[in-house]
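Have a look at the structure below before the remarks.
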Amino acid sequence: RPGMTRDQVLNRFGAPTWTFALWQEHLTIWHYRYSHNAGELYPIRMRPEGTVRAAGTAADPACDGGNHPF
C-alpha cells in the first residue's frame, strides 16, 4: 500500500525479483514475480526516502500469453 516503508515491504514480500531506477521521478521500481506461468508482475514504486508511492499488477513482457522460455 502507498505509504508503507521499505522494511515493511521486505518483511511482507521478501526481496524483489529485480529492481531498476526510474530517474524521471526519482523512484526505484521493485518487481515481484510469483509465477512464471501467470504472466504478471507486481511492481512497487519506491520513493527515495523509502516509502511506497504506488503498487499494482502489470503484464510481464517476458511472457507471451503464458508461453515463455523459462
Side-chain angles (χ1 to χ4, degrees):
R1 286 183 286 203
M4 287 178 73
T5 67
R6 176 180 286 120
D7 287 340
Q8 288 173 320
V9 173
L10 289 171
N11 286 333
R12 188 167 200 175
F13 299 109
T17 305
W18 77 89
T19 66
F20 67 92
L22 184 61
W23 295 109
Q24 300 94 324
E25 299 181 47
H26 304 288
L27 301 172
T28 301
I29 310 300
W30 292 14
H31 276 250
Y32 289 88
R33 178 189 286 141
Y34 293 104
S35 169
H36 290 293
N37 295 326
E40 285 189 343
L41 297 172
Y42 192 79
I44 296 176
R45 294 175 182 247
M46 192 70 66
R47 293 181 182 107
E49 70 272 8
T51 60
V52 173
R53 177 176 167 225
T57 59
D60 186 344
C63 294
D64 181 15
N67 300 317
H68 46 76
F70 303 114

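Count residues from 1 along the sequence.
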Determine all donor-acceptor pairs shorter than 3.5 Å in which one atom belongs to a side chain in residues 13-29; sequence neighbours excluded.
{"from": "T17", "atom 1": "OG1", "to": "R33", "atom 2": "N", "distance (Å)": "3.0"}
{"from": "E25", "atom 1": "OE1", "to": "R53", "atom 2": "NH1", "distance (Å)": "2.2"}

To the nearest 0.5 Å, tell me how far R6 CZ sits from R47 CZ. 12.0 Å
Is there a chain of hydrophobic side chains (I, L, V, M, F, W, Y, each step under 4.5 Å between heavy atoms) that links L41 to Y32? no
To the nearest 0.5 Å, what is the distance between CZ on R1 and OG1 on T51? 14.0 Å
Are V9 and M46 packed together at the side-chain level, in the sense that at least one heavy-atom pair is separated by less than 4.5 angstrom? yes
For R45, check side-chain hydrogen bond (donor to acceptor under 3.5 Å, both in side chains) against everything at least two apart and list the hits. none
For the residue pair G56 and P43, what are the closest heavy atoms and their distance? O-CD, 3.0 Å
